[in-house]
Amino acid sequence: MQVRFSHISLAFTPDKDTLHDLNFTINDGELVCLLGPSGGGKSTTLNLISGLLVPTKGNILFDNQDVTKMGPSERKIGMVFQNYSLYPHLTVENNIAFPLKIAHWKKADRLARAAKLAKLVHVEDQLQKNVNELSGGQQQRVAIARALAKDPNILLLDEPLSNLDARLRMEMREEIRRIQQETKITTVFVTHDQSEAMHISDSVMVLHNAQIQQYSKPNELYDHPANQFVASFIGDNPLNTFDRSLLDDTELKEELGKVYDKATTVGVRAENIVLTKGEDTYQHGVRCKLLRSHRYGLISTRLYSFKGIELDATGLTEIHDTNEEVEIYFQKRGFFLFDASGNNLFLE
Amino acid sequence: MINQKISWKQTLHALLYLAPMMILLSIFFLYPIISTFILSVFKKYNFYTNAGQGIGFDNFAYLWHDPMFHQAVKNTFIFVLGVVPASIIISLGIALLLNRFSKVRGFFQTLYFLPYVTSTVAIAMVWTWIYHSDYGVLNFILKLFHLPPVGWLTDPHYTMLTLIIFSIWKNLGLNIILFLVALNSVPKQYYLSASIDGATPWQQFTNITVPLISPTTFLLTINAMIASFKVFDQIYVFYHNTAGPNNSGMTIVYYLYQKFYVENNYTVASAAGVVLFVIILLATILQNYVSKHYVHY
């Protein structure tokens with residue numbers, strides 16, 4: 001089912017919008033991640049889709065039907081909570097069948113449906129167990145099965161992986177992807193972990209400061225971030241940023257051309273700093289000094305000093321001495337110029 | 001330390017620490033209980049010399065044939081069945097209401113708790129006035145609805161009802177407080193996820209609230225049941241040292257009291273105590289058995 005937000009605003013207090021003028025469309029059968037830091041409005045957006053919250057302004061449409069005033073059960077949504085919210089007094093089977101019991105299904109029918117869903121999420125051998133006996137990952141699977149029980153229009157997941165340990169998190173995010181593709185259900189997934197969002201979703205919506213910062217394909221976010229916030233939020237290494245004026249007396253300024261004059265801030269990804277120039281780099285580098293370096297597994301991290309500021313560089317393999325002056329070059333795909341309001345100038 | 005075997009010396013050491021409590025328990029709990037059991041099987045007993053003669057079940061046979069004791073057992077069961085379910089259901093209902101209206105909660109909580117902390121004798125005095133057939137508040141209310149006045153404290157047909165109403169009211173305070181604690185300990189998320197599935201408030205109550213507060217309900221039921229089997233002081237106060245008009249308020253403990261202090265029939269009183277002990281024991285075992293299926297911890 002397609003979900004459309006049209007000019008949605010939500011204010012908990014009259015003077016401050018928690019969400020301001022949101023417009024977006026989630027296509028049928030897509031898995032969309034709502035990504036952003038805490039307080040960015042992603043859970044609020046999810047609750048607006050679910051119907052647990054009602055917008056102050058604007059309309060919510062499911063397949064062109066206005067559902068703004070409808071409650072959660074009328075909208076036919078399935079929801080998985082961060083702590084799963086499984087009923088401790090019910091078995092796995094009865095937890096999955098619970099929404100059907102509420103809908104007055106016959107016992108045999110709902111148990112048959114529960115068994116089918118258990119198979120889909122791979123907990124068919126745990127049906128008679130108490131939910132407390134299950135591991136975190138299994139509880140997660142049961143919660144998803146329960147959310148799918150009534151064959152909902154949309155599946156909503158609120159930070160579903162944050163209670164799991166790192167390894168299980170990777171396993172479960174693949175599982176969620178598999179289940180979503182098998183059922184082809186439109187899915188909205190809230191997370192604050194950018195790598196989770198990048199790995200699992202068809203599209204990612206970055207929310208910050210009550211607004212959508214960018215809504216696009218995962219790789220698009222990395223390659224062409226809309227603004228400085230997205231550029232620094234996406235990626236495993238922090239984005240190096242410094243004031244444009246530091247480049248004023250370099251030849252790089254000339255090479256960048258007219259766009260340079262509009263910029264106030266320069267951003268460069270740590271993995272896009274190299275020591276030799278090539279086709280994919282700017283032809284002019286900047287001189288700086290190696291402060292220190294360390295290596296962990298495949299990744300070596302170096303800290304260069306450039307006109308009093310520090311630049312992180314990862315992915316360098318050539319060895320040179322500490323304190324030695326070298327020329328470093330910036331690869332074009334990881335180099336950004338931002339204007340005063342943070343917009344990526346290369347996108348214009 | 002953890003993997004060491006426990007030596008005799010260590011055990012003795014531990015016993016030494018336990019001794020003060022054990023001695024107190026033995027004197028004030030264990031000894032009286034055992035004495036009661038022994039007393040109940042003596043055929044003859046001298047209170048002043050504490051000497052018993054002959055062992056047998058004559059006292060129990062006496063109870064078996066005593067119509068007054070039959071009346072006492074019957075009344076006690078009527079009392080338990082009248083008080084326990086009603087007080088649990090009413091206090092759960094009030095707790096649910098108070099849980100909704102958090103602003104007035106503290107005030108009503110205190111109000112309902114007052115009878116619990118006040119002496120039964122003192123509040124029973126007040127209730128004798130409420131129950132008064134000519135000047136009582138209760139009859140005044142009945143009159144407003146054009147109902148005939150009831151001799152709450154004088155009509156033998158109403159004795160048990162009088163006692164039951166009073167006891168339900170008296171039990172409310174503690175039950176409400178404990179139910180409120182239990183209601184608050186149910187995570188809100190369960191209601192949220194149930195409401196997403198379209199559960200009505202009643203479905204949420206029966207499917208989530210009732211099972212999740214069942215440990216508290218069970219505890220309160222057992223507690224109320226044991227207390228109700230032992231009902232005594234309100235009868236004593238309401239009916240001025242009698243068991244109600246025409247002994248209509250006779251219960252097992254009142255019977256025991258009567259035999260022991262009034263008739264000085266110590267062995268029969270002890271036997272009645274043993275019977276009460278067995279009844280409460282059986283009822284508790286039954287409840288424990290039932291709870292295995294309905295209580296979720």
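Order of the sequence lines fixes the chain letters, A, B, ..., with proteins taken first and strands second; residue numbering starts at 1 for each chain. As the structure is a computational prediction, the values presented were derived from the model and not from experiment.
- Within 6.0 Å of NZ on Lys188(B) lie more than 12 heavy atoms contributed by other residues, nucleotides or ligands.
- The number of heavy atoms from other shown groups lying within 6.0 Å of NZ (Lys76(A)) is above 12.
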**OP:** Could you check Tyr190(B) against Leu86(A) for side-chain contact (heavy atoms from CB on, under 4.5 Å), going step by step and ending with a plain yes or no?
**Re:** CA-CA 8 Å; Tyr190(B) 294 140; Leu86(A) 296 175; 5.9 Å; no
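- Scanning for side chain to side chain donor-acceptor pair (under 3.5 Å) contacts around Ser73(A) gives an empty result, with sequence neighbours left out.
- Of the inter-residue distances, the one linking Leu90(A) atom CG with Asn207(B) atom CG reads 7.5 Å to the nearest 0.5 angstrom.
- When Asn83(A), Asn130(A), Val80(A), Leu100(A) are compared by the number of non-hydrogen pairs under 4.5 Å with chain B, Asn83(A) comes out ahead.
- Residues Arg146(A) and Ser193(B) meet the side-chain proximity criterion, which asks for heavy atoms closer than 4.5 Å.
- Side-chain N or O atoms of His89(A) include none that pairs as donor or acceptor with a backbone N or O of Ser214(B) at under 3.5 Å.
- With respect to chain B, the highest number of heavy-atom pairs below 4.5 Å among Ala103(A), Pro72(A), Ala147(A) belongs to Pro72(A).
- Closest non-hydrogen pair, Gln189(B) versus Ser85(A), comes out as CG-OG, 3.3 Å.
- Of the inter-residue distances, the one linking Ile102(A) atom CD1 with Gln204(B) atom CD reads 8.0 Å to the nearest 0.5 angstrom.
- Atom CG of Leu192(B) is separated from atom CE of Met79(A) by 7.0 Å, given to the nearest 0.5 angstrom.
- Residue contact with chain B, scored on non-hydrogen atoms closer than 4.5 Å, is absent for Ser50(A).
- Pro211(B) places none of its side-chain heavy atoms less than 4.5 Å from the side chain of Tyr87(A).
- For Tyr158(B), the OH atom counts as loosely surrounded, since its 6.0 Å shell holds 12 or fewer non-hydrogen atoms of other residues, nucleotides or ligands.
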